[in-house]
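Structure first, commentary second.
Note that this is a predicted model, so its numbers are computed, not measured. No hydrogens, no waters, no symmetry mates; every other heavy atom, side chains included, goes into these values.
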Amino acid sequence: MSGKKRAAGTITVTGHGTARSVPDVMRVDIAVETRADTVAVAYGGAGERIAAVTAALRAHGVRAADIGTSRLSVRTETTWQQERGAQIVGYVADAALVVSLRDLADDADPGPAVIIAAAVAAGGDDVRLGGLTFGLADPEAVLVTARDAAWENALAKAERYARKAGRALGPVRDIAESAGAGGPVPQLRMVSAAAGAAESSSVPVELGEQEISAHLQVTWELAAPESERDAD
């Protein structure tokens with residue numbers, strides 16, 4: 001005669017998994033800022049400088065589709081005088097590009113450091129580097145590995161707790177997932193260079209690694225241990 005049947009129950013655990021990959025896309029913010037006594041001259045100067053930067057990028061193999069204008073503005077430059085108040089002393093024109101670099105391999109010719117240096121040289125003293133970010137062209141492939149790791153983590157936890165409770169895992173009843181990129185984003189070691197710098201004096205760029213993480217919450221039914229089920 002079998003013993004008293006245990007009541008049904010569930011167990012819910014969270015699983016965490018990560019996967020790392022070397023970035024294969026670099027996005028660089030490049031801007032120019034010109035000052036002049038009139039709006040037209042400031043605006044025209046910014047246009048000339050940003051056109052020179054764009055030409056340098058294309059000459060170094062950057063596709064037109066990977067160069068996008070992100071900002072274009074003209075503002076007044078003022079100074080405060082005690083008796084006259086705010087006075088306009090000139091105009092500042094600002095134009096910015098977001099550039100995607102996709103050939104980041106060690107043997108890339110030209111490499112990203114050389115391309116950035118060429119853009120800085122083309123922009124002259126008016127160029128500004130707003131920084132850069134790294135990413136993955138296909139993060140889904142790395143996310144699959146992170147998901148597998150998260151599942152194994154959740155399963156190991158559930159099996160451990162079930163054994164401690166004298167039970168066994170039954171069918172899965174529910175799975176919920178959240179996933180995203182995490183970890184520090186590598187940065188350019190320096191974000192300025194002398195105007196007219198030769199390609200040989202480009203600033204090194206360190207890629208680091210991009211981390212993708214996955215989080216799962218899984219609910220299993222709890223069953224009696226196999227020995228008790230055989231007795232029934």
Query raised in the report: Same cluster for Ile212 and Val144 if Ile/Leu/Val/Met/Phe/Trp/Tyr side chains link at under 4.5 Å?
Result: no
Requested in this report: Decide side-chain contact (heavy atoms from CB on, under 4.5 Å) for Val22 and Phe134; before the verdict, give the C-alpha distance in whole Å, the side-chain angles of both, and the deciding distance to 0.1 Å.
Outcome: CA-CA 9 Å; Val22 176; Phe134 295 93; over 6 Å; no
Query raised in the report: About how many Å separate CG of Leu143 and OG of Ser21, when rounded to the nearest 0.5 Å?
Result: 12.0 Å
Query raised in the report: Taking the side chain from Arg173 and the backbone from Gly170, do they hold a donor-acceptor pair closer than 3.5 Å?
Result: no
Report summary line: Output for pair (Thr12 OG1, Asp174 CG), nearest 0.5 Å, gives 7.5 Å
Report task. List the atom of Thr79, the atom of Val89, and the distance in Å for their closest heavy-atom pair. Result -> CG2-CG1, 3.3 Å
**Report entry** Residue list, side chain to side chain contact (heavy atoms under 4.5 Å, CB included) with Glu48, at least two apart or on another chain
**Finding:** none
Query raised in the report: Can we say Arg167 and Glu159 salt-bridge, meaning some charged N sits less than 4.0 Å from an Asp/Glu carboxylate O?
Result: no
Query raised in the report: Does Val92 share a hydrophobic cluster with Leu129, counting links as ILVMFWY side-chain heavy atoms below 4.5 Å and allowing steps through other members?
Result: no
Query raised in the report: Between CD of Gln217 and NE2 of His16, what distance do you get to the nearest 0.5 Å?
Result: 15.0 Å
Query raised in the report: Would you find a donor on one side and an acceptor on the other, under 3.5 Å apart, between the side chain of Lys157 and the backbone of Thr14?
Result: yes
Query raised in the report: Which ILVMFWY residues can you reach from Tyr91 by hopping between side chains whose heavy atoms are under 4.5 Å apart?
Result: Val39, Tyr43, Leu72, Val74, Ile88
Query raised in the report: Could you state the interatomic distance from CD (Gln87) to OG1 (Thr76), rounded to the nearest 0.5 Å?
Result: 11.5 Å
Query raised in the report: Hey, any chance Tyr161 and Leu216 share a hydrophobic cluster, counting ILVMFWY side chains that come within less than 4.5 Å of each other, even indirectly?
Result: yes
Mind listing the side-chain donor-acceptor pairs of residues 93-114 below 3.5 Å, one per line with the distance, residues two or more places apart or on another chain?
unit_1	atom_1	unit_2	atom_2	d
Asp94	OD2	Arg71	NE	2.3
Asp94	OD2	Arg71	NH2	3.2
Arg102	NE	Asp66	OD1	3.2
Arg102	NE	Asp66	OD2	3.1
Arg102	NH2	Asp66	OD1	3.1

Report summary line: One should read off an interatomic distance between His60 NE2 and Ile116 CD1, to the nearest 0.5 angstrom, of 11.5 Å
**Report entry** Partner set under side chain to side chain contact (heavy atoms under 4.5 Å, CB included) for Ala52, not counting sequence neighbours
**Finding:** Ala122
Report task. Report the C-alpha distance between Glu177 and His215 in whole Å, list the side-chain angles of each, state the deciding distance to 0.1 Å, and finish with yes or no for side-chain contact (heavy atoms from CB on, under 4.5 Å). Result -> CA-CA 6 Å; Glu177 180 202 53; His215 305 271; over 6 Å; no
Query - Atom pair OG (Ser213) and CZ (Arg20), whose distance is rounded to the nearest 0.5 Å - result: 10.5 Å
Query - Non-hydrogen atoms of Arg58 and Ala64 that approach each other most closely - result: NH2-CB, 3.8 Å
Going by atom type alone, with no hydrogens or angles, which donor-acceptor pairs under 3.5 Å involve a side-chain atom of residues 30-37 and a protein atom two or more places apart or on another chain?
unit_1	atom_1	unit_2	atom_2	d
Glu33	OE1	Arg35	NH1	3.3
Thr34	OG1	Ala42	O	2.7
Thr34	OG1	Ala46	N	3.3
Arg35	NE	Glu77	OE2	2.9

Query raised in the report: Of all heavy-atom pairs between Ala162 and Leu169, which one has the smallest distance, and what is that distance?
Result: CB-CD2, 4.0 Å
Report summary line: By side chain to side chain contact (heavy atoms under 4.5 Å, CB included), Ala137 pairs with (sequence neighbours left out) Asp24, Val25
Query raised in the report: Cluster question for you: counting only ILVMFWY and a side-chain heavy-atom cut-off of under 4.5 Å, with indirect links fine, are Ile11 and Leu155 together?
Result: yes
